[in-house]
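The next block holds one structure in the form of structure tokens; read it before the comments.
Quick caveat, the model's predicted, so the values are computed rather than measured. Indexing begins at 1, ligand by ligand and atom by atom, following the structure's order.
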Amino acid sequence: MSEARLIDGKAVAARLRATIATAAATLKAAHGVVPGLAAVLVGDDPASQVYVKSKTKATDDAGLKGLTHRLPATTSEAELLRLVAQLNADDAVDGILVQLPLPKQIDAQRIIEAIAPAKDVDGFHAENVGRLWSGGKALVPCTPYGCLLLACESLGKNLAGAEAVILGRSNIVGKPMAALLLGEHCTVTVAHSRTRDLPAVARRADLLVAAVGRPEMVRGDWIKPGATVIDVGINRVATPDGKGKLVGDVAFAEAQRIAGAITPVPGGVGPMTIACLLRNTLIAACRRRGLPEPAV
Ligand code: GUN
């Protein structure tokens, strides 16, 4: 069998970012609006620092305004709630993103619920979650939306009837991914650590989304020949030279021999998450002001 086609997330994300930049320039010219994204980073988790830096840079590159708030690891829940309230009230801020995970003393769910739903560009607030599941006008979580765009890149825009299996049931990826794929009329299975015979369940999938956070857990024989595989995992593993490398949740070399199409790590889902965050910020800025939403 020939090797799987690579789904180039970097290229798809670059196209989306360019479309967003054009829409942002039009919004500025027509209405004098520059959408603002406030990213909040609490503590010094190295991965979170890298993510927030890339998100803020991409925001500025697309002609939006990125603002980063860095708080020490000792920040209390009350202090963070005060900052969120200040950002909710700030008219220059259209999107608020509090990078997760948060230090132990802070209840992440309380912070998420304190963000104004109209500025919740992560799409984690209960109001947006409810709207996503009930087919309303939600701000949609960025990583699963990016996965959906990549799935459409591989399978075409019509996913109706496809057998989709999602590995992982997190609030950030697995659950919203299920809502999005149901919305596309897929038959959706959400499998997880307690699922019996995970490989057999995975093998049913025409579209397999792996979001378990375990390096290379999905082996080649978990994949139905010809399936589309979207790998959400970004795991740093040790290498003999001490430098380490990034791998996904899928054993890539094995999977590439069986799958029809597959996302690489890095360069697959990762770049899409950031592009979709910019998209949400632009959409939030338009919705808040009652302006027509750009088709991005
Ligand atoms: N940590 C890992 N993924 C995400 C994300 O999409 N948004 C936020 N805020 N934190 C994260």
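Screening V84, L100, I96, V40 for a side chain to side chain contact (heavy atoms under 4.5 Å, CB included) with I111, the sole residue that qualifies is V84.
The backbone N or O of A73 sits less than 3.5 Å from a side-chain atom of Q105, completing a donor-acceptor pair. Looking at R279, its side chain does come within 3.5 Å of a backbone N or O of V296 through a donor-acceptor pair. Checked by atom type and distance alone, the side chain of T239 pairs as donor or acceptor with a backbone atom of G244 at under 3.5 Å.
Only the backbone of V98 comes within 4.0 Å of ligand 1, judged by heavy-atom distances. By the criterion of a heavy-atom distance under 4.0 Å, the side chain of D122, and not its backbone, is placed next to ligand 1. Proximity of F124 to ligand 1, defined as any heavy-atom pair under 4.0 Å, is confined to the side chain (atoms from C-beta onward).
With L100, L102, I112 as candidates, the residue nearest to atom 1 (N) of ligand 1 on a non-hydrogen basis is L100.
At the shortest separation from atom 11 (C) of ligand 1 among protein heavy atoms lies Q99 NE2, 3.4 Å.
Under the 4.0 Å criterion applied to side-chain N and carboxylate O atoms, D206 and K224 are assigned as salt-bridge partners.
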